[in-house]
Q: 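Attaching a single structure in structure tokens format; questions to follow.
Please read all numbers here as calculations on a predicted model, not as lab measurements. Letters A, B, ... mirror the listed sequences (proteins, then strands); counts begin at 1.
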Protein chains: 2
Amino acid sequence: MGKAYNVMAATCPSRTVLHRIGARWTVFVVNALEAGPMRFTGLKAHIRGITAKALTETLRAMEADGLLVRTDLGGNPPHVEYALTDLGRSLLVPLRAVRQWAEAHVPDILAARERAEAPAD
Amino acid sequence: MGKAYNVMAATCPSRTVLHRIGARWTVFVVNALEAGPMRFTGLKAHIRGITAKALTETLRAMEADGLLVRTDLGGNPPHVEYALTDLGRSLLVPLRAVRQWAEAHVPDILAARERAEAPAD
DNA sequence: CCGTATCCAGGACGATACTG
DNA sequence: CAGTATCGTCCTGGATACGG
């Protein structure tokens with residue numbers, strides 16, 4: 001019942017977990033799937049600017065980590081749905097907070113960046 | 001006073017903020033500075049496995065974004081301290097949650113990865 | 001509709017050596 | 001102690017074209 005994992009340890013497996021969470025598009029996919037299952041094209045449209053390749057890689061990695069499930073409903077044209085697992089939904093909680101922080105503090109960050117760029121005065 | 005920023009928009013500046021948060025070492029530095037100011041060597045020792053170069057780059061980027069302040073206390077040998085700003089402390093809240101999620105769900109993720117690697121049965 | 005194949009550019013990151 | 005300099009590698013991820 002003690003603390004088994006510590007991200008500060010160089011070889012702790014929690015490092016790989018953190019790395020996956022921090023991957024470029026993971027936070028977007030998790031937030032996008034908050035409302036319910038989505039199809040590939042729906043995700044691609046929702047997450048503006050992502051390429052099919054990046055989306056595919058992100059989905060595959062998240063599926064391998066048990067964060068979402070891919071359901072092929074067959075048919076023609078194909079119909080594939082992606083939905084968060086319970087594990088993925090639990091990740092939604094902290095990642096939604098991260099997203100909200102990012103959106104809330106844009107002005108602060110931009111102001112700081114401008115200040116950093118103007119060394120002379 | 002509606003929602004001004006949305007990470008799902010391709011050109012929204014919140015994207016760059018999210019990118020900085022998701023940068024490999026940001027979460028480690030923020031968590032490390034939770035207890036109070038630290039020196040360069042202290043940070044390097046605390047965050048096992050980080051190189052001086054990566055730490056320097058992370059600190060510079062976070063300083064430019066107003067997440068921390070660098071204080072050069074002079075002297076010889078040099079004495080430099082890094083401390084979270086109010087903005088950085090506010091980021092601590094969601095990032096601590098991310099860290100805790102990562103440490104808590106290592107077994108789930110590892111189990112999922114093993115399952116993903118064993119397609120035959 | 002749901003991807004894959006291929007190529008390629010840029011940046012992150014590590015190793016190592018060195019400095020005020 | 002607190003970095004910088006240099007080099008090289010890996011990997012992300014974008015563009016484009018194509019396939020089931």
Q: Closest heavy-atom contact between Met8(A) and Phe28(B)?
A: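 For Met8(A) versus Phe28(B), the nearest heavy atoms are CE-O, 3.5 Å.
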
Q: Measure from CZ on Arg24(A) to C1' on dC10(D) and round the result to the nearest Å.
A: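 After rounding, the reported distance stands at 17 Å.
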
Q: Check the distance between dA15(C)'s C1' and Lys53(B)'s NZ and give it to me in whole angstrom.
A: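 Result: 10 Å.
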
Q: State which residue, out of Leu55(B), Ile47(B), Leu59(B), Thr51(B), fulfils the side-chain contact (heavy atoms from CB on, under 4.5 Å) condition with Trp25(B).
A: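 Of all the options given, the one that passes is Ile47(B).
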
Q: Can you check the Phe40(A) CZ to dG19(D) P distance for me, whole Å?
A: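 The distance from CZ of Phe40(A) to P of dG19(D) comes to 18 Å, rounded to the nearest Å.
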
Q: Do the side-chain N and O atoms of Thr16(A) and Arg113(B) include a donor-acceptor pair separated by under 3.5 angstrom?
A: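 Yes, side-chain donor-acceptor contact under 3.5 Å.
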
Q: Would you indicate whether His19(A), at its atom NE2, is surrounded by more than 12 heavy atoms from other residues, nucleotides or ligands within a distance under 6.0 Å?
A: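 Counting neighbours around NE2 of His19(A), 12 or fewer heavy atoms of other residues, nucleotides or ligands fall under 6.0 Å, so no.
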
Q: Under 4.0 Å, counting only non-hydrogen atoms across every strand here, what does Lys44(B) touch: a base, just sugar-phosphate, or nothing?
A: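 No contact at all - Lys44(B) keeps every heavy atom at 4.0 Å or more from the nucleic acid.
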
Q: In residues 55-82 of chain B, which ones come under 4.0 Å of DNA chain C, going by heavy atoms?
A: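 Residues of residues 55-82 of chain B that come under 4.0 Å of DNA chain C are, in numerical order, Pro78(B).
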
Q: Below the 4.0 Å mark, does dC13(C) have OP1 or OP2 next to a side-chain nitrogen or oxygen of Thr51(B)?
A: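 Answer no for this pair, as no side-chain N or O of Thr51(B) is under 4.0 Å from OP1 or OP2.
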
Q: Just N and O in the side chain of Arg39(B): are any of them under 4.0 Å from OP1 or OP2 of dC1(D)?
A: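 So the side chain of Arg39(B) is outside the cut-off, no N or O lying under 4.0 Å from OP1 or OP2 of dC1(D).
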
Q: Which atom names give the shortest non-hydrogen contact between Leu87(A) and Asp65(A), and what distance separates them?
A: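 What the structure gives for the nearest pair is CD2-O, 3.7 Å.
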
Q: Between Arg99(B) and Glu103(B), is there a side-chain N and carboxylate O pair less than 4.0 Å apart?
A: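 Yes, this pair counts.
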
